[in-house]
Amino acid sequence: MNQEKNITMKETKKRTGLSSRQIRYYDQQELIFPARSKGNQRLFSENDIQRLLKIKKLLAAGDSIEIIHSKLQSPTTAADFDIEADYEGQINDYSDLDLDSLYPVSNRSALIKRLSQSSKHYSQEEEKE
DNA sequence: ATTCTTACA
DNA sequence: TGTAAGTA
């Protein structure tokens, strides 16, 4: 559950090999959801790094931003979900929902991913850099 | 020294 | 996507 948003832009650039321009662009496209410091500086988490690497890979594979949205969605997609779940009590605690007896879903991540895919729609043509 | 936003090459 | 300008 170590999802602290403490990684700087510099670190993120070094670790993903992406330019700050690209990282900020993907942020605008809502592919990543970094936190903000007092000075409005972006603060990334390990998950953000992983997401960026995933985005980089998909982009290299020739997929467009819309396609990637289908693959990686809201901040509540598997990985980032731990963050919210960590705020015990404060935030929604789905852990003890009586869903187990009704749904054969082993974990929330699987369920969320499942739901995310149902909102997947049309695909789009590929784009060049 | 770094990052941020906006805007144009 | 890169980069310049003006900030914070």
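A, B, ... follow the sequence lines: proteins, then strands. Residue 1 opens every chain.
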### Message
Is a donor from one side chain sitting under 3.5 angstrom from an acceptor on the other, for Ser19(A) and Gln22(A)?
### Response
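Ser19(A) vs Gln22(A): donor-acceptor pair found between side chains.
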### Query
Given Ile55(A) and Ile32(A), is the side chain to side chain contact (heavy atoms under 4.5 Å, CB included) satisfied, shown in steps?
CA-CA 9 Å; Ile55(A) 292 168; Ile32(A) 54 176; 4.0 Å; yes
### Message
As a quick check of understanding, evaluate side chain to side chain contact (heavy atoms under 4.5 Å, CB included) for Arg36(A) and Arg42(A), giving each step before the final call.
### Response
CA-CA 5 Å; Arg36(A) 291 287 184 147; Arg42(A) 266 167 266 252; 3.0 Å; yes
#### Entry: B/S/- contact track for nucleotides 2-9 of chain B, protein heavy atom under 4.0 Å
SBSB----
### Task
Would you check, one step at a time, whether the test side chain to side chain contact (heavy atoms under 4.5 Å, CB included) holds for Lys56(A) with Thr16(A)?
CA-CA 8 Å; Lys56(A) 185 181 181 182; Thr16(A) 63; 5.6 Å; no
### Query
Taking the side chain from Asp48(A) and the backbone from Ser45(A), do they hold a donor-acceptor pair closer than 3.5 Å?
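Checking the backbone N and O of Ser45(A) against the side chain of Asp48(A), a donor-acceptor pair under 3.5 Å is found.
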### Any donor-acceptor N/O pair, Lys5(A) side chain to Phe33(A) backbone, under 3.5 Å
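Yes, the answer is positive, given that a donor and an acceptor are paired below the 3.5 Å cut-off.
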### Query
How would DNA chain B look in dot-bracket form, 5' to 3', counting Watson-Crick and G-U wobble pairs with both distances under 3.5 Å and writing | for bases paired to another strand?
.|.|||||.
### Message
So, taking the atom named CD1 in Ile7(A) and the one named CE in Met9(A), what distance separates them when rounded to the nearest 0.5 Å?
### Response
12.0 Å
